Amino acid sequence: MYVLGPPGQEIARRMRDHARERRVLFIRDGARIDVSGAEAIDALRREGVRESEAVSIVLSGDVVAPPRKAAPPAPPPRGPPFVGRESELRALGEWLATEGQPVAVVVGVAGIGKSALLARALETSTRPSLMRRVYAHDDTHGLLASVADFLARQGRRRLKVVVSRPAYDLVEAFAVLRQDLGGSLLALDDAQASPAADGLVRGFLEGDTSGKLLVGSRVRPTSYDARDTAAHRVAEVSLDGLDPAAAAALLSLRAPSLDPPTRSAVLRAARGHPLSLELFAAVGLAAGEAATERYILETILEGLDDASEGVLRTFAVLRRPAVSPEALGATVAELRRLVRTALLQHREDGYVLHDLIREFFLARMGADARARANAVAARYWESRGDPLESAHHRLEAGDVDGAAELLAANGAAHAESARAGDLEACLVRLPPARRPARLLAETRMFLGKFAEAREELEPLAASADPRERLRASIDLGRIANRLGDYARARGILEGAVRDAGETAAPDLEGEAYRALGGVERRLGDLPAALEHLTRAVGLLGNEGRERVRGLLDLSAALIAQGDLAAARTRLREAEPLARNGSREAAAIENNLAIVLSREGHADEAAKAFARAADLAIRTGEMRFASYALANAADNLLRLDDANAAAAAAERALSLAASIRDPLAESTAQANLGLVHARRGEWAKAEAHLLGSVELIAGLDNPYSLGSRCEAIARLYEAQGRTADAAPWRERAEAQYARLRGAPPGAPSHMEDVRQSPDQTIK
């Protein structure tokens with residue numbers, strides 16, 4: 001450092017005075033202006049030049065120009081685009097806002113997007129943050145030193161003082177780290193690269209802190225266990241591939257010129273793996289497949305031994321998570337190792353293999369190896385009490401006889417369940433000679449595939465076996481009923497009733513009477529429906545599913561007649577006979593809710609309808625669930641909760657559209673229209689109500705069609721459009737005139753659109 005003495009200071013003062021007194025040409029906006037040195041110095045200072053430098057510039061020449069402004073720095077290069085991961089970012093956001101949960105760990109295979117997710121989490125965080133990649137050469141001191149430098153920049157120098165000592169106590173260092181990192185966020189990426197990262201996580205968990213540690217790793221760290229996650233000290237985020245929409249968005253950003261067929265092929269091959277998508281986008285389809293395979297072999301599967309590879313080959317053929325995979329030939333040690341490396345994921349429903357790894361192994365398995373793996377899987381699922389999944393794997397292994405025996409013995413339990421689609425897929429793969437036609441028809445009826453079911457039943461209706469012929473006739477009548485061809489359904493079922501009486505088969509006679517009573521209820525012939533349904537209940541025995549369904553049909557007819565007390569009695573009689581969690585249990589809940597609704601208990605009815613819908617969805621009965629939600633929407637409207645009613649109606653419409661049931665879609669459309677009407681959104685209400693009529697205009701269902709027409713008439717009258725309302729009211733009255741045995745004055749209000757008997761589902 002140099003200090004000017006008195007003589008030097010005097011000389012400097014004289015030079016400043018001289019600079020201020022002299023005349024110079026100052027360049028401003030391209031023009032030269034004659035100014036004093038003092039004016040030039042002041043102008044330079046306004047441009048950010050220090051006074052001593054400004055004096056030097058004025059003394060150095062007769063022409064003074066302000067310094068050129070430096071060009072703005074170039075924006076930092078953009079990294080890889082970030083798409084999707086909304087749920088993971090939401091989970092990390094909740095973790096950042098949670099007190100007492102200091103550590104979050106993001107686990108996933110190489111290239112799955114951990115680094116990008118960590119970087120995005122830091123961008124969205126308001127805490128002071130440090131991102132530190134871990135390398136193989138890193139030790140604990142190096143990691144602590146990096147954090148100490150970060151904290152020093154925040155004005156917290158205690159950790160730097162500690163780690164600067166020649167020999168320091170790690171316990172003390174971690175205690176200081178936990179305290180000084182309070183309010184900040186530290187992210188360690190690629191934590192699997194060095195054991196030191198594991199030690200830092202353990203040290204971070206040894207005491208209380210308000211700081212946050214975010215870890216990205218290909219391997220689940222060993223520094224914590226289930227006790228830490230159960231105590232909410234550690235949050236885990238398992239990273240899978242991108243969802244289809246996000247994967248398509250990433251590919252569009254990276255390779256916008258790909259034609260649609262190639263784009264679809266790339267998305268199928270990449271299985272949502274971000275790095276695989278990048279490779280495909282960079283080098284094309286064929287080269288991208290080779291590059292992805294090489295990356296999987298050299299990076300993701302690095303260090304995999306033969307035994308573990310065998311386990312993964314078996315997992316590759318599974319369609320569902322395995323709860324106890326030891327029966328597949330995996331040891332506990334192998335499972336732990338595969339879970340730690342994120343090749344297997346242990347979820348609540350079992351162990352699953354990453355999609356990209358599954359496709360990698362399936363592409364390399366020959367027919368013999370695949371058959372052996374499927375045979376192992378078949379034995380596993382049979383030991384787990386899942387004959388349907390076992391039958392699928394037996395078919396994949398070529399064991400047709402074994403699959404046929406399993407389906408014949410156990411298929412009926414799945415024909416009307418959430419797994420009816422899986423059952424149908426297995427049945428159609430059997431040779432025609434081994435295929436149980438009636439079971440396939442029953443399954444397709446449940447799935448709403450009535451044309452295909454009829455093809456299976458018509459040959460059975462001509463069978464020499466009287467019972468088989470009678471069962472087929474009853475099912476054909478039910479199909480006609482479901483399709484709205486009520487006249488044909490009534491004719492078929494009246495014949496079935498006569499044949500059943502001649503055959504002296506009381507169980508089939510009861511089923512025929514039950515089906516006939518259901519058609520008569522649809523037609524509005526309630527006296528005949530009540531007579532035949534009462535007779536059916538008497539013929540169907542004292543227990544079993546058919547008796548429960550008979551009681552449900554009888555309760556529906558009693559509700560339509562207005563005898564709510566008798567309907568409740570029949571439903572209470574059915575309750576102990578229905579299996580818990582079955583569609584019959586859901587139907588009882590639904591019909592009891594209708595009774596509550598008719599009695600004016602809207603709040604209790606709405607909750608009961610919601611419970612019935614949840615039960616129906618779990619059993620796979622989407623049609624039922626749609627009606628239950630439509631009824632829930634009606635009662636929510638009565639409670640003036642338009643938002644909840646709209647949500648229920650929209651969900652009902654979505655479920656009805658998924659199974660293409662016109663009556664269910666019409667009911668949901670009408671409900672949604674009434675929600676819009678309650679909000680005063682007349683155009684939307686009109687569109688939905690008109691659409692609800694169009695959906696069922698070709699069906700012979702006077703009650704439902706009359707209710708829809710009256711709803712439209714009331715909508716127009718509410719707007720003062722009496723001329724528009726008149727033809728719709730006439731059309732509604734014409735439909736009501738066709739109903740025989742309906743309660744007086746029914747239906748007489750808009751809410752009947754949701755309460756009509758077509759919503760009482762069995």
Side-chain angles (χ1 to χ4, degrees), residues 590 593-614 625-657 662-696 703-729 731-733 735-736 745-761:
N590 182 76
I594 291 179
V595 172
L596 288 169
S597 178
R598 293 291 179 92
E599 291 175 340
H601 306 299
D603 188 23
E604 295 177 46
K607 294 175 182 176
F609 280 127
R611 289 195 300 270
D614 290 339
S626 174
Y627 282 121
L629 287 167
N631 286 336
D634 166 55
N635 286 273
L636 289 165
L637 270 181
R638 293 182 180 185
L639 296 168
D640 290 326
D641 192 347
N643 291 334
E650 288 169 357
R651 192 179 175 201
L653 183 58
S654 174
L655 291 173
L663 196 55
E665 285 191 76
S666 173
T667 304
Q669 282 256 36
N671 275 274
L672 201 52
L674 292 170
V675 171
H676 288 301
R678 178 66 61 88
R679 291 172 168 172
E681 298 168 348
W682 304 114
K684 291 181 180 180
E686 181 180 13
H688 282 294
L689 287 169
L690 291 174
S692 74
V693 171
E694 185 178 348
L695 283 164
I696 60 171
Y703 201 117
S704 296
L705 191 56
S707 299
R708 308 294 190 270
C709 293
E710 185 176 7
I712 295 174
R714 289 184 178 275
L715 176 72
Y716 288 147
E717 288 167 354
Q719 301 175 71
R721 298 166 58 182
T722 54
D724 292 330
W728 288 102
R729 188 162 291 285
R731 188 174 172 184
E733 292 301 329
Q735 295 297 324
Y736 296 151
S748 61
H749 49 80
M750 288 181 70
E751 283 73 14
D752 281 334
V753 173
R754 278 82 56 198
Q755 293 183 1
S756 60
D758 60 51
Q759 296 166 62
T760 311
I761 310 305

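For the single chain, residues carry numbers from 1 onward in sequence order. Values below: all heavy atoms of this structure, side chains included; hydrogens, waters and symmetry mates excluded. Just so it is clear, the structure is predicted and the values come from calculations on it, not from any experiment.
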Participant: Determine whether Leu689 and Trp728 make a side-chain contact, defined as any pair of heavy atoms from C-beta on separated by less than 4.5 Å.
Facilitator: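 Counting from C-beta outward, Leu689 and Trp728 never come under 4.5 Å.
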Participant: Taking C-beta and beyond as the side chain, do Phe609 and Asn590 meet within less than 4.5 Å on heavy atoms?
Facilitator: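 Result yes, sub-4.5 Å side-chain heavy-atom pair found.
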Participant: With heavy-atom distances below 4.5 Å as the criterion, would you say the side chains of Ser666 and Arg708 are in contact?
Facilitator: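 Heavy-atom side-chain distance check passes, below 4.5 Å.
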Participant: For a 4.5 angstrom cut-off between non-hydrogen side-chain atoms, does Asn643 reach Arg679?
Facilitator: yes
Participant: Would you call Glu717 and Arg721 a salt bridge, taking side-chain N to carboxylate O under 4.0 Å as the test?
Facilitator: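 The answer is no: the pair does not qualify as a salt bridge.
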Participant: Going from CG on Leu636 to CG on Asp641, what distance comes out if it is rounded to the nearest 0.5 angstrom?
Facilitator: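 So the gap between those two atoms works out to 5.5 Å.
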Participant: Atom CD of Glu665 and atom OG of Ser654: how far apart are they, to the nearest 0.5 Å?
Facilitator: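 Reported to 0.5 Å precision, the distance equals 10.0 Å.
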Participant: Working to the nearest 0.5 angstrom, can you tell me the gap between His688 NE2 and His676 NE2?
Facilitator: 4.0 Å
Participant: Search all heavy atoms of Ala649 against all heavy atoms of Leu672 and return the closest pair with its distance.
Facilitator: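 Closest heavy-atom pair between Ala649 and Leu672: CB-CD1, 3.7 Å.
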Participant: Using side-chain heavy atoms (C-beta onward) and a distance below 4.5 Å, is Asp640 in contact with Arg678?
Facilitator: yes
Participant: Quick check: closest heavy atoms across Ser692 and Ala670, and the distance to 0.1 Å?
Facilitator: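 What the structure gives for the nearest pair is CB-N, 3.8 Å.
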Participant: Please give me the minimum heavy-atom distance between Asn671 and Ala630, naming the atom from each residue.
Facilitator: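 Heavy-atom minimum between the residues: OD1-O, 2.9 Å.
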Participant: Should Arg731 and Val693 count as side-chain neighbours, where that means a heavy-atom distance under 4.5 Å?
Facilitator: yes
Participant: Is any side-chain heavy atom of Tyr627 less than 4.5 Å from a side-chain heavy atom of Thr667?
Facilitator: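 With C-beta onward as the side chain, the pair touches.
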Participant: Considering non-hydrogen atoms only, spot the tightest contact between Ala652 and Ala668 and give its length.
Facilitator: C-CB, 3.8 Å
Participant: Can you confirm whether the side chains of Arg651 and Ser626 place a donor and an acceptor under 3.5 Å from each other?
Facilitator: no
Participant: Is any side-chain heavy atom of Glu686 closer than 4.5 Å to one of Leu690?
Facilitator: yes
Participant: Can you establish whether the number of heavy atoms outside Glu694 located under 6.0 Å from its atom CD is more than 12?
Facilitator: no
Participant: Is any side-chain N of the basic residue among Arg638 and Asp603 closer than 4.0 Å to the acidic one's carboxylate O?
Facilitator: no
Participant: Between atom CD of Glu604 and atom CG of Asn635, what is the distance when rounded to the nearest 0.5 Å?
Facilitator: 10.5 Å
Participant: Could you report the tightest heavy-atom contact between Ser597 and Ala605, atom names first, then the distance?
Facilitator: N-CB, 3.7 Å
Participant: Grab the two heavy atoms, one from Ala612 and one from Ala628, that are nearest each other, plus how far apart they are.
Facilitator: CB-CB, 4.3 Å
